[in-house]
Amino acid sequence: MDYLAAMRAFVRSVELGSFSKAAAEDNQKVSTVSRYVSALEADLGAALLNRSTRRLHLTEVGTAFYERAVIVLAGVEDARLAATSLNASPQGLLRINAPGAFGRLHIVPHLKDFRNSYPQIRLDITLTDVTVDLIDTGTDVAVRIGALADSTLIAKRLAPQRRLLVCSPGYLAKHGTLETPHDLIRRDCLIFTSQSSDTWYFSKPGDRAEETHDIKVSGAFRTNDSEALLIAVRADMGIALLPSWLLTDDIIAGRVICLLPTFTWSIARGHERAIWGVYPPKKTVSPKVKSFLAFLTERFGNPPYWDR
């Protein structure tokens, strides 16, 4: 048995949830992956997985073996990269994780050009607003937005994250413009439920760096999805605080209007909010990760194209 190949087949079967998906990823037969796992179980003298018609489930032994196998395979990959990265061209499977709306608008549309530049790279992109564990999921690189939590991940700043206070022309015509941020208290505010509280933060022209003020907002519409908030804004339902990268087309088309544009807005206090590329710490960063982050940095620009 090729023990490393068997370990890879087992780990990817667990991460993808089935033998068939693991086999398809490596252009293998399902029976080959199944034989690898069976050989591991025979060698270890214990079942690693409970098979059902819909999903694979780790046994207690399987969980212990999986946790250590991931570390072993990561070490093998590090060793390989250390030996080849200086002269290697970017190649292989690149697993990317990104937030849903941002990924649909500002990553997926550029992937054709990325593939044209790096034809030896294959792409597997997962779009989710849930923060995933990069190591557990085998993710090579993730795009994250906002203030980064303390972690062992390596982060590269790709672009600033700006929020704009917006409403529709219809809502503005009915309720009038805002003179100050405190006018928000008497308006319908559309709440992003992923923020820690119903408080919006702002700084006004002339404030010192890091000086912020806050205002408690309220409204009858709440959601955890930025695109849903934008749809509600277009429908004259109220005022929202949305990222600028989501608004470019709507602002140009006149579907939404910026309110108090000289103010700086955010949905939380704290560290710098930006769009980041993050990846697990390794002694040698793979060429495919380096090339992807460099591509995004160049493609987004400074300032990013959606803020020009």
Taking atom NZ of Lys290 and atom NZ of Lys288, what is their separation to the nearest 0.5 Å? 14.0 Å
Donor-acceptor contact below 3.5 Å, side chain Ser117 vs main chain Asp113: yes
Do the side chain of Thr59 and the main chain of Leu48 share a donor and acceptor less than 3.5 angstrom apart? yes
Verdict with reasoning, Leu49 to Phe10, per side-chain contact (heavy atoms from CB on, under 4.5 Å): CA-CA 9 Å; Leu49 297 165; Phe10 166 70; 4.0 Å; yes
Can you get from Phe295 to Leu93 by hopping between Ile, Leu, Val, Met, Phe, Trp and Tyr side chains that sit under 4.5 Å apart? no
Residues, nucleotides or ligands: over 12 heavy atoms within 6.0 Å of Arg68 CZ: no
side-chain contact (heavy atoms from CB on, under 4.5 Å) assessment of Arg163 paired with Trp200: CA-CA 11 Å; Arg163 285 188 178 268; Trp200 291 350; over 6 Å; no
Would you say the side chain of Tyr279 lies within less than 4.5 Å of the side chain of Thr139, judging by non-hydrogen atoms? no
If the condition is ring-ring contact (aromatic ring centres under 6.0 Å, His included), which residues does His175 pass it with, not counting sequence neighbours? Tyr171
All ring-ring contact (aromatic ring centres under 6.0 Å, His included) counterparts of Tyr36, not counting sequence neighbours: none
Nearest 0.5 Å please: distance from the CG atom of Asp140 over to the CG atom of Leu123. 10.5 Å
Here the gap from Cys258 atom SG to Leu242 atom CG, rounded to the nearest 0.5 Å, amounts to 10.0 Å
Can we say Arg104 and Glu227 salt-bridge, meaning some charged N sits less than 4.0 Å from an Asp/Glu carboxylate O? yes
Is it true that, when you exclude Lys216 itself, more than 12 heavy atoms of the residues, nucleotides or ligands shown sit nearer than 6.0 Å to its NZ? yes
